[in-house]
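One structure is given here, and the rest of the page talks about it.
In what follows, chains are A, B, ... by sequence order, proteins preceding strands, each numbered from 1.
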2 protein chains.
Amino acid sequence: MTANKSKKADIITVAKAARVSPSTVSRYFNHPELLKSATRKRIDSAVRRTGYIRNRAAQTIHGIRSGTIGVLIPTLDHAIFAEVVQAFSDAVAAQGFTILLASHGYDLQREYAILRKFLEHRVDGVVLTGLDHDEAVFQLLDSQEIPCVLMWNYAAGSRYPSIGADNEQAGRLIAEHVLSLGHRQIACMFPPTNGNDRALARREIVLTTLRSAGVTVRDEWMLTTRYSISDSKEDAKRLFCQTNRPSALICGNDILATGALYGATASGLIVPSDVTVVGIGDFKGSSEIEPALTTVRLPARRIGHEAGQALVTAIIDPVSGAGGSLHCAPEFIGRQSSAPPA
Amino acid sequence: MTANKSKKADIITVAKAARVSPSTVSRYFNHPELLKSATRKRIDSAVRRTGYIRNRAAQTIHGIRSGTIGVLIPTLDHAIFAEVVQAFSDAVAAQGFTILLASHGYDLQREYAILRKFLEHRVDGVVLTGLDHDEAVFQLLDSQEIPCVLMWNYAAGSRYPSIGADNEQAGRLIAEHVLSLGHRQIACMFPPTNGNDRALARREIVLTTLRSAGVTVRDEWMLTTRYSISDSKEDAKRLFCQTNRPSALICGNDILATGALYGATASGLIVPSDVTVVGIGDFKGSSEIEPALTTVRLPARRIGHEAGQALVTAIIDPVSGAGGSLHCAPEFIGRQSSAPPA
DNA sequence: CTAATTTATGAAAACATTTGCAAAACTATT
DNA sequence: AATAGTTTTGCAAATGTTTTCATAAATTAG
């Protein structure tokens with residue numbers, strides 16, 4: 001490997017080294033079958049000697065795809081998004097795409113700014129998290145005519161194809177389970193809902209389902225808790241210390257439920273005989289925690305994978321490839337943290 | 001907002017709409033102070049009307065920075081890496097950079113391929129995870145003269161600046177703690193170490209520390225367990241069911257320790273009175289789990305942040321900015337899962 | 001051994017920008 | 001009102017590729 005003394009090698013450097021024209025080198029990469037195998041060999045060696053690396057930026061300005069996909073999520077700090085992104089990334093990497101990743105931290109203004117930046121980089125497609133976005137975001141997407149999918153949530157009439165689970169269904173499943181066990185004294189713990197359509201949808205449907213069964217949740221049992229195990233543990237402890245405590249606690253996600261489980265243990269309560277705790281999500285660890293958590297599975301890996309596939313298809317074949325939404329059904333998972341009231 | 005009927009607007013479209021030359025539009029973006037405020041206004045409106053979005057690909061071929069940084073990690077599925085990446089991303093986004101993210105799943109061949117792809121995209125810098133990489137990776141980095149930092153681990157003489165914690169120190173801290181409590185019957189649970197220098201370093205130092213205190217770990221107490229709560233729970237259960245069980249279990253990371261804690265509970269053991277369980281990492285949730293986990297904190301957020309800062313500095317100011325390594329010291333965190341043997 | 005095909009290569013234009021240089025348009029000064 | 005000095009703008013070349021079209025080389029047929 002002869003070190004290249006001069007600056008970065010470009011296609012012309014390689015052409016000279018191989019004693020061919022730049023066009024031929026270009027063909028070597030893009031249509032190798034058009035070359036005589038002797039020239040191919042020659043170029044091969046020249047590429048190696050010069051340490052040449054193709055410049056995608058230069059290709060991109062010819063209208064050739066950039067080979068990048070913009071991924072916009074709220075935050076990687078929630079393991080569930082990390083899981084979705086990992087699956088998405090695997091799916092698109094298998095087809096030669098690389099992801100540009102950015103997080104907006106539930107700030108819809110930042111989401112718009114990030115999307116613009118993605119477009120400056122000429123991404124071939126974009127994934128957004130959730131269904132709810134600033135109108136400006138959708139308009140930008142419309143005007144650029146760029147493939148886009150909304151990942152994580154599903155809704156039939158979403159503005160762009162949505163691939164994910166139906167939060168309403170998830171919320172209903174868990175609420176019905178708790179009701180069917182016979183609970184009437186029910187508390188709820190949900191994350192703040194600003195800029196977070198997922199949490200909002202779940203909370204609404206849970207309350208509606210309870211109400212239509214004649215159960216109303218008392219105000220002081222309606223907890224808004226930050227997405228963190230420590231906060232939920234604290235709030236649960238406070239809730240469980242009251243003389244008058246609920247027989248069941250429905251949590252908006254498994255992180256909150258995990259904290260609530262710890263909080264119950266710390267308060268000296270036994271789950272599920274003293275109190276039922278359920279979550280939504282079936283995160284990693286939810287099945288191993290003691291007691292194992294009753295929850296509703298949102299198939300994160302599957303969602304990420306399907307979203308990746310769908311977007312790549314839409315990119316590669318823009319006419320027929322513009323697929324529709326896909327519902328990845330949530331599934332009730334009964335484990336040990338729920339039981340009939342004492 | 002007049003919709004742009006024709007294809008994508010380029011700088012020429014804008015120039016026509018504003019009745020100036022393309023150069024002036026270019027200056028509008030790159031050196032606005034050179035323009036008369038009247039022309040600036042005119043261009044401003046033209047940009048808006050045409051819906052023009054700058055093309056970074058076209059800029060990049062002029063040697064202008066691409067504004068992207070390649071981030072190469074083993075996997076996002078380990079929450080700790082997700083946390084590091086999030087912090088890194090925040091740090092560089094604040095300076096206008098966007099990250100290209102890819103994971104290699106502990107496959108060093110893939111790492112090389114991904115790095116090449118990053119270079120094709122003309123990233124302005126690269127972060128790799130851990131100190132250990134294929135020689136080809138380093139050579140490629142050398143030949144391209146691109147800023148690079150090794151994130152997560154620290155070692156004094158690393159080939160590129162390393163920013164992270166010293167795993168040896170972390171391993172030593174936890175081993176010394178367990179020894180100082182008086183344990184002699186000690187088991188270890190570590191993840192598979194192929195392609196994973198972090199885990200390897202930790203295991204070696206733990207064993208060495210124990211040995212130099214006269215404690216040898218029996219073969220059947222030397223567990224190799226996949227990084228997952230369910231696997232570690234199973235393995236821990238098996239370990240704890242034996243008639244002859246250890247008085248302490250040192251786990252290579254907090255995920256394994258969490259599973260071990262669950263496994264102990266499931267086996268009817270009380271931690272820490274029956275058995276001590278400790279981890280390494282201080283992951284999210286480690287302080288809230290019941291009993292709270294004794295561990296060594298690896299400051300993930302700080303590491304990600306510092307790495308981001310360092311890389312951006314090296315990119316922006318290549319001469320003086322090529323900073324050195326940075327050690328983010330691990331810290332022993334004593335909690336409730338450890339106690340002297342019965 | 002030509003002529004007719006087919007295959008392989010090169011020249012030049014195109015892509016969307018930036019930038020050095022020079023010209024034009026202002027200002028200030030006399 | 002003319003000149004000198006500044007500020008603002010445009011022209012054209014450059015960036016690293018791809019691609020169309022044309023030409024040269026190789027192959028096949030007659």
Side-chain angles (χ1 to χ4, degrees), chain A residues 4 6-44 46-47 50-68 116-117 119-124 144, chain B residues 4 6-44 46-47 50-68 116-117 119-124 144:
Chain A
N4 48 325
S6 64
K7 287 289 88 181
K8 300 274 170 65
D10 63 3
I11 206 173
I12 297 179
T13 318
V14 177
K16 280 191 184 130
R19 322 201 128 271
V20 295
S21 75
S23 348
T24 307
V25 179
S26 172
R27 274 187 280 258
Y28 165 82
F29 286 109
N30 300 306
H31 314 282
E33 73 284 358
L34 293 181
L35 295 199
K36 220 153 93 177
S37 91
T39 11
R40 219 176 311 167
K41 278 240 166 59
R42 215 136 36 89
I43 296 177
D44 199 69
V47 167
T50 54
Y52 171 66
I53 292 188
R54 303 168 77 186
N55 187 335
R56 280 209 93 126
Q59 308 182 261
T60 301
I61 64 171
H62 282 267
I64 290 172
R65 288 197 296 264
S66 69
T68 57
R116 278 200 78 95
K117 195 154 271 182
L119 293 171
E120 290 186 0
H121 284 292
R122 294 298 189 264
V123 292
D124 299 327
Q144 298 303 114
Chain B
N4 50 326
S6 63
K7 286 287 91 181
K8 301 273 170 66
D10 61 4
I11 206 173
I12 298 179
T13 318
V14 178
K16 280 190 183 130
R19 320 199 132 274
V20 295
S21 76
S23 348
T24 306
V25 178
S26 171
R27 273 187 280 259
Y28 165 81
F29 285 109
N30 299 307
H31 313 282
E33 74 283 358
L34 294 180
L35 296 199
K36 215 152 98 179
S37 90
T39 15
R40 219 176 313 168
K41 278 241 166 62
R42 213 134 40 86
I43 295 177
D44 198 69
V47 167
T50 53
Y52 170 66
I53 292 187
R54 302 167 76 185
N55 187 335
R56 280 210 94 126
Q59 308 183 260
T60 300
I61 64 172
H62 283 268
I64 290 172
R65 287 199 296 265
S66 69
T68 57
R116 277 200 80 95
K117 196 155 272 182
L119 293 171
E120 290 186 1
H121 284 291
R122 294 298 189 264
V123 292
D124 298 326
Q144 298 304 114

Output all residues satisfying side chain to side chain donor-acceptor pair (under 3.5 Å) with [X], sequence neighbours left out; order by chain, then residue number.
| X | value |
| --- | --- |
| A:Arg56 | none |
| A:Asp124 | A:Ser66 |
| B:Arg65 | none |

Roughly, in whole Å, what's the span from [atom1] in [X] to [atom2] in [N]?
| X | N | atom1 | atom2 | result |
| --- | --- | --- | --- | --- |
| A:Glu120 | C:dT17 | CD | C1' | 13 Å |
| B:Tyr28 | C:dT17 | OH | P | 14 Å |
| B:Ile12 | D:dC11 | CD1 | C1' | 13 Å |
| B:Leu119 | D:dG16 | CG | P | 16 Å |
| B:Asn30 | C:dT17 | CG | P | 11 Å |
| B:Asp10 | C:dT18 | CG | P | 12 Å |

Counting distance only, does the side-chain N/O of B:Thr50 pair as donor-acceptor with the main-chain N or O of B:Ala46 below 3.5 Å?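 Yes, B:Thr50 side chain to B:Ala46 backbone: donor-acceptor pair under 3.5 Å.
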Look only at the side chain of A:Thr39 and the backbone of A:Leu35, and say whether a donor-acceptor pair between them is shorter than 3.5 Å.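 It does not hold such a pair.
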Extract from the structure each pairing of a protein N or O with an N or O of nucleotides 4-9 of chain D at less than 3.5 Å, listing the distance.
from, atom 1, to, atom 2, distance (Å)
D:dT9, OP1, B:Thr39, OG1, 2.6
D:dT9, OP2, B:Lys36, N, 3.2
D:dT9, OP2, B:Thr39, OG1, 3.2

If we check side-chain contact (heavy atoms from CB on, under 4.5 Å) with B:Arg54, which of these qualifies: B:Val47, B:Asn30, B:Ile11?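 Only match with B:Arg54 under side-chain contact (heavy atoms from CB on, under 4.5 Å): B:Asn30.
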Could you please name the option among C:dT17, C:dA12, C:dT18 that lies closest to any side-chain atom of B:Ser26?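 The closest nucleotide is C:dT18.
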At what distance, to the nearest 0.5 angstrom, does [atom1] of [X] lie from [atom2] of [Y]?
| X | Y | atom1 | atom2 | result |
| --- | --- | --- | --- | --- |
| B:Arg116 | A:Ile53 | CZ | CD1 | 4.5 Å |
| B:Lys8 | A:Leu119 | NZ | CG | 8.0 Å |
| B:Gln59 | A:Ile61 | CD | CD1 | 11.5 Å |

Heavy-atom nearest nucleotide on DNA chain D for B:Arg19 versus B:Arg122: which residue maps closer to 5'?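 It is B:Arg19 whose nearest nucleotide is closer to the 5' end.
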I need the residues from residues 53-67 of chain B with at least one non-hydrogen atom less than 4.0 Å from DNA chain D; give them sorted by number, or say none.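 Going residue by residue through residues 53-67 of chain B, the ones with a heavy atom under 4.0 Å of DNA chain D turn out to be B:Ile61, B:His62.
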Over the length of the helix from C:dC1-D:dG30 to C:dT30-D:dA1, how much do the five-pair end axes diverge, rounded to 10 degrees?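 For the helix from C:dC1-D:dG30 to C:dT30-D:dA1, the axes at either end differ by 40°.
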Verify the distance criterion only: is there a donor paired with an acceptor across the side chains of A:Ser23 and A:Ser26 at less than 3.5 Å?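 No, A:Ser26 and A:Ser23 have no side-chain donor paired with an acceptor closer than 3.5 Å.
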Is the closest side-chain heavy-atom distance between B:Asp10 and B:Asn55 below 4.5 Å?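 Side chain of B:Asp10 against side chain of B:Asn55, heavy atoms only: no contact under 4.5 Å found.
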Reckon B:Tyr52 has a side-chain N or O less than 4.0 Å from the OP1 or OP2 of C:dT17?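 So the side-chain polar atoms of B:Tyr52 do come within 4.0 Å of the phosphate oxygens OP1 or OP2 of C:dT17, strictly under.
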